[in-house]
There are 2 protein chains.
Amino acid sequence: MFSKTTEYSIRAIIYLALNNNSKLIGVSEMASELRFPEAFLGKVLQLLVKKQLVGSIKGPGGGFYLIDSTLNLTILNIVDSLEGLEFLDKCGLGLHSCNKNNPCPIHDEYKNVSINVKKALSAKSINEIKNEIENGKRPQSFHF
Amino acid sequence: MFSKTTEYSIRAIIYLALNNNSKLIGVSEMASELRFPEAFLGKVLQLLVKKQLVGSIKGPGGGFYLIDSTLNLTILNIVDSLEGLEFLDKCGLGLHSCNKNNPCPIHDEYKNVSINVKKALSAKSINEIKNEIENGKRPQSFHF
DNA sequence: ATATTACCGGACATTAGTGTCTTTTATTTA
DNA sequence: TAAATAAAAGACACTAATGTCCGGTAATAT
Ligand code: FES
Ligand code: FES
């Protein structure tokens with residue numbers, strides 16, 4: 001569904017949300033916890049810093065932390081920030097444009113797909129996800 | 001949603017279904033009608049012949065035609081034949097496996113997405129799609 | 001028979017995404 | 001101030017998908 005960059009981003013942000021207790025998290029720690037390739041995760045985190053979703057501090061004891069406002073975002077917001085939401089309005093069969101005046105054979109049914117994706121990705125904020133995990137409603141180990 | 005190979009395949013099959021009146025269709029005709037890169041469409045059609053979804057005849061006046069039984073297939077069947085249906089059971093956040101014992105944060109809502117995709121792709125057979133277009137319920141021009 | 005047509009098959013080119021490596025920069029600690 | 005640490009930045013490598021090209025093969029038509 002998503003590119004590796006977006007996928008790693010979402011899961012890294014959730015990881016940071018779960019470990020937001022004053023201490024910073026380094027790339028190597030995150031990479032080994034999440035089983036992501038370390039150097040690539042480094043690049044991804046750089047991007048998240050540039051997008052202001054995550055903060056970073058250099059030097060000894062440095063690392064990454066979650067920007068407070070990111071806790072209020074949904075996964076949909078994060079995807080939007082990273083690769084945009086155009087994919088939600090694309091035709092399921094790859095036509096140049098998806099619109100009801102020129103509907104492809106699956107247009108009618110496909111609308112529900114887009115709507116459901118949007119719903120699934122915007123149902124909860126990062127903070128709500130964090131709480132679900134901390135309250136044991138969802139396993140901590142979801143990141144493997 | 002799909003690879004170009006699968007996308008071109010589906011639309012080529014529908015094109016052949018609409019032009020199944022005894023005369024064969026050449027790659028160049030299809031490519032210019034559907035606005036696909038000709039050489040690549042050639043490769044795709046080769047694959048469809050190998051998968052027995054389409055037939056071909058060489059030489060002057062030769063070209064491609066739809067195998068009768070393909071008319072009874074749904075788009076889901078075609079996708080299955082080309083790239084398999086594993087993508088329907090993948091975790092929306094890219095976890096190694098999607099199952100309810102280790103549900104990721106969007107697992108519950110994401111199930112509906114898979115179900116709807118499956119529904120959208122299996123709602124009609126190629127023959128029913130052909131009829132919809134021929135009866136004007138759906139524009140002929142959907143293939144652009 | 002021979003030339004023409006059109007699909008087949010294999011090799012090659014291009015691109016975007018993924019992933020790696022090395023150097024630089026900022027910060028802390030000794 | 002010097003050494004150590006960790007992120008930033010840029011260059012490079014690998015891969016799979018997409019796309020192109022060309023010689024080979026089968027069928028037709030003259
Ligand atoms: S035109 Fe294809 S999904 Fe709308
Ligand atoms: S575990 Fe992620 S969608 Fe099921």
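Not measured: the values here are computed from a predicted model. Chain letters run A, B, ... following the sequence lines, proteins first, then strands; residues in each count from 1.
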Next item on the list: Give a yes/no on whether any side-chain N or O of B:S56 is located under 4.0 angstrom from OP1 or OP2 of C:dC8.
Entry: yes
Next item on the list: Quickly work out the B:L47 CG to D:dG19 C1' distance and round it to whole Å.
Entry: 15 Å
Next item on the list: Starting at atom CG of B:L24, determine the distance to atom C1' of D:dT28, rounded to an integer number of angstrom.
Entry: 13 Å
Notebook entry, point to check: With a 4.0 Å cut-off, would you call B:E134 and B:K130 a salt bridge?
Noted result: yes
Note to self: Walk along nucleotides 19-30 of chain C from 5' to 3' and tag each nucleotide B, S or - by protein heavy-atom contact under 4.0 Å, base first, then sugar-phosphate.
What the structure shows: BB----BBBB--
Next item on the list: Using whole Å, report how far CG of A:L16 lies from P of D:dA7.
Entry: 11 Å
Checklist line | salt_bridge(B:E132, B:K124) N-O dist < 4.0 Å | finding: yes
Next item on the list: Give the rounded distance in Å between these two atoms: NZ of B:K23 and C1' of C:dA6.
Entry: 16 Å
Next item on the list: Could you check how far CD1 of A:I25 sits from P of D:dA7, rounded to whole Å?
Entry: 10 Å
Next item on the list: In whole angstrom, give the distance that lies between atom CD of B:E29 and atom P of C:dA6.
Entry: 11 Å
Check: Under the 3.5 Å rule, do the base of D:dA9 and the side chain of A:Q46 count as making a donor-acceptor pair?
Finding: yes
Note to self: The criterion is ring-ring contact (aromatic ring centres under 6.0 Å, His included); which residues satisfy it with A:Y8, sequence neighbours excluded?
What the structure shows: A:F36, A:F40
Check: Hydrophobic cluster mates of B:I115, side-chain heavy atoms under 4.5 angstrom, ILVMFWY only, any path?
Finding: none
Checklist line | D:dA17 phosphate, OP1 or OP2, under 4.0 Å from B:T5 side-chain N/O | finding: no
Notebook entry, point to check: Rounded to the nearest Å, what distance is computed from the CD atom of residue A:Q52 to the P atom of nucleotide D:dA8?
Noted result: 13 Å
Next item on the list: Could you tell me whether B:G63 contacts a base, only the sugar-phosphate backbone, or nothing, with contacts defined as non-hydrogen atoms closer than 4.0 Å?
Entry: sugar-phosphate
Next item on the list: Round to the nearest Å and state the distance from B:L48 atom CG to C:dC8 atom P.
Entry: 10 Å
Check: Should the pair A:D89-A:K111 be classified as a salt bridge under the 4.0 Å nitrogen-to-oxygen rule?
Finding: no
Item checked: Electrostatic pair A:R11-A:E7, nearest N-O below 4.0 angstrom -> yes
Item checked: Of B:V54, B:T70, B:I78, the residue whose pairing with B:L48 passes side-chain contact (heavy atoms from CB on, under 4.5 Å) -> B:V54
